[in-house]
Amino acid sequence: MNIKKELETKVGIADGIYLNDIDIDPLTIKAIMINEVVPADPLQDFYGTPDADYLKTTIPLLRGAGTEVACIQDILQKGIYLTNAVKTPKTEYAIDKSSIENSLPYLEAELSLFPDIKVIMLMGDVAKKAFNMIAKKSTKKNVIPAVSTYKLRNSEIYYRGIRVMPSYIMTGGNILIEKSKVTMAAEDIAAMLQIIK
């Protein structure tokens with residue numbers, strides 16, 4: 001199944017929306033890691049070039065969690081699908097609510113493509129916000145409480161039988177500055193790997 005074609009069929013084609021143009025067997029995916037926002041250059045996204053910026057921080061995080069990966073294919077073969085909550089590149093430092101809302105139909109449809117998901121990891125506050133907006137439509141409440149991520153890390157949160165794990169952003173230059181968050185994100189990923197193995 002081609003993710004981009006599937007999402008365009010379900011939701012429609014929109015200008016400026018970046019979707020993962022990859023072929024994948026949805027039954028092989030056991031975990032989804034939702035990053036915050038697509039990069040301005042699609043080649044720097046997870047499924048862009050082999051040395052894409054997003055992989056330069058994601059691969060070391062996965063390795064720090066104890067899994068040997070060298071490329072996006074290795075990550076997919078481990079049953080992990082990577083995507084972004086916001087499908088349009090950000091134009092300012094902060095991501096405004098309308099950007100999240102415009103991308104929600106695509107993210108929601110994307111999540112529904114994978115029937116055997118055991119874990120959804122929310123990598124950063126924007127991913128948490130987007131996921132809560134999706135969940136609120138059916139449950140009328142947030143799945144992820146509005147408290148700091150570090151206070152939630154050891155909570156067992158479930159949505160429709162799927163473990164939801166809030167963690168820290170996995171892309172961008174800032175991740176390399178905050179070593180404690182890198183350590184915690186790697187620990188969270190290690191916990192996810194235990195669940196899906």
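Keep in mind that the numbers below use all heavy atoms, side chains included, and drop hydrogens, waters and symmetry copies.
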Glu187: what forms a side chain to side chain donor-acceptor pair (under 3.5 Å) with it, not counting sequence neighbours?
Arg153

Who passes side chain to side chain donor-acceptor pair (under 3.5 Å) against Ser98, sequence neighbours left out?
Asp96

Distance alone, cut at 3.5 Å: any donor-acceptor contact between the side chains of Lys87 and Thr83?
yes

Taking NZ in Lys5 as the centre, count heavy atoms belonging to other residues, nucleotides or ligands within less than 6.0 Å. Is the count above 12?
no

Do Thr149 and Lys128 get their side chains close enough for a donor-acceptor pair, meaning under 3.5 Å?
yes

Please round to the nearest 0.5 Å and tell me the distance separating atom CZ of Arg160 and atom CD1 of Ile120.
10.0 Å

Check which hydrophobic residues are tied to Tyr18 through side-chain heavy-atom contacts below 4.5 Å, counting indirect links as well, and list them.
Val38

Rounded to the nearest 0.5 Å, what separation is found between the CD atom of Glu8 and the CD1 atom of Ile13?
4.0 Å

Is it the case that the side chain of Tyr47 and the backbone of Leu82 share a donor-acceptor pair, with hydrogens and angles ignored and the cut-off at 3.5 Å?
yes

Please examine the side chains of Ile189 and Met170, heavy atoms only from C-beta on, and report whether any two atoms are closer than 4.5 Å.
no

Quick one: closest heavy-atom pair of Ala185 and Ser167, and the distance?
CA-OG, 3.5 Å

Do Val126 and Ile100 come within less than 4.5 Å of each other through their side chains, counting heavy atoms only?
yes

Could you grab the distance from atom CD1 of Ile117 to atom CG of Leu113, nearest 0.5 Å is fine?
10.0 Å

Same hydrophobic cluster for Leu43 and Ile59, using side-chain heavy-atom links shorter than 4.5 Å among ILVMFWY?
no

Write down the atom of Pro115, the atom of Leu27, and the distance for their closest heavy-atom approach.
CG-CD2, 3.4 Å

Could you work out the complete set of other residues in the hydrophobic cluster of Tyr158, with links drawn between I, L, V, M, F, W and Y side chains under 4.5 Å apart?
none

Can you name the nearest heavy-atom pair linking Met121 to Val119, along with the distance?
CG-CG1, 3.9 Å

Treating Ile, Leu, Val, Met, Phe, Trp and Tyr as nodes and any side-chain heavy-atom pair under 4.5 angstrom as an edge, say whether Ile29 and Met192 lie in one connected cluster.
yes

Side chains of Asn20 and Asp45 in contact at under 4.5 Å (non-hydrogen atoms)
yes

Do any N or O atoms from the side chain of Ser99 and from the backbone of Ile95 form a donor-acceptor pair under 3.5 angstrom?
no

Is any side-chain heavy atom of Glu178 closer than 4.5 Å to one of Ile169?
no

Mind checking whether Leu107 and Met1 sit in one hydrophobic cluster, side chains of I, L, V, M, F, W, Y counted as touching below 4.5 Å?
yes

Do Ile157 and Pro166 touch side chain to side chain, with heavy atoms closer than 4.5 Å?
yes

Pairs in or reaching into residues 23-43: which pass side chain to side chain donor-acceptor pair (under 3.5 Å), with residues at least two apart or in two chains?
Asn2-Asp23, Asn35-Asn84, Asn35-Thr171

Is the backbone N or O of Leu55 less than 3.5 Å from a side-chain atom of Thr58, with the two atoms forming a donor-acceptor pair by type?
no

If you apply the rule side-chain contact (heavy atoms from CB on, under 4.5 Å), what do you find for Leu104 with Ile134, and how did you get there?
CA-CA 7 Å; Leu104 267 193; Ile134 290 170; 3.6 Å; yes

Name each donor-acceptor pair under 3.5 Å that joins a side chain in residues 65-72 to protein atoms two or more places apart or in another chain, with its distance.
residue : atom : partner : partner atom : Å
Thr67   : OG1  : Lys78   : NZ           : 3.4

Taking the six-membered ring for Trp, are Phe131 and Tyr159 closer than 6.0 Å centroid to centroid?
yes

Which pair of heavy atoms, one from Pro39 and one from Pro89, lies closest together, and at what distance?
O-CG, 3.8 Å

Using every non-hydrogen atom in the two residues, find where Ala85 and Ser103 come nearest and quote the distance to one decimal.
O-CB, 3.4 Å

For Leu193 and Ile80 the tightest heavy-atom approach is CD2-CD1, 3.7 Å

I'd like to know if the side chain of Glu110 pairs up with that of Tyr81 as donor and acceptor (distance under 3.5 Å, no hydrogens or angles considered).
yes

Decide whether Ile196 and Ile24 are clustered together by the hydrophobic rule: side chain heavy atoms of Ile, Leu, Val, Met, Phe, Trp, Tyr closer than 4.5 Å, transitively.
yes

In the structure I gave you, are the side-chain heavy atoms of Glu6 and Pro26 within less than 4.5 Å of one another anywhere?
no

Say you draw a straight line from CD1 of Ile162 to CD1 of Ile32; how long is it, rounded to the nearest 0.5 Å?
7.5 Å

If you round to the nearest 0.5 Å, how far is NZ of Lys118 from CG of Asp116?
8.0 Å

If you count every heavy atom of other residues, nucleotides or ligands that lies below 6.0 Å from Lys90 atom NZ, does the total exceed 12?
yes

Shared ILVMFWY cluster between Ile34 and Tyr168, side chains joined below 4.5 angstrom?
no

May I have the step-by-step check of side-chain contact (heavy atoms from CB on, under 4.5 Å) for Phe114 and Ile3, ending in yes or no?
CA-CA 11 Å; Phe114 302 99; Ile3 301 292; 3.7 Å; yes

Between Lys137 and Glu108, is the closest basic N to carboxylate O distance under 4.0 Å?
yes

How long is the straight-line distance from CG of Leu152 back to CG of Asp188, given to the nearest 0.5 Å?
10.5 Å

Determine whether Met33 and Leu122 satisfy the following criterion, side-chain contact (heavy atoms from CB on, under 4.5 Å), listing intermediate values before the conclusion.
CA-CA 6 Å; Met33 294 174 74; Leu122 306 174; over 6 Å; no

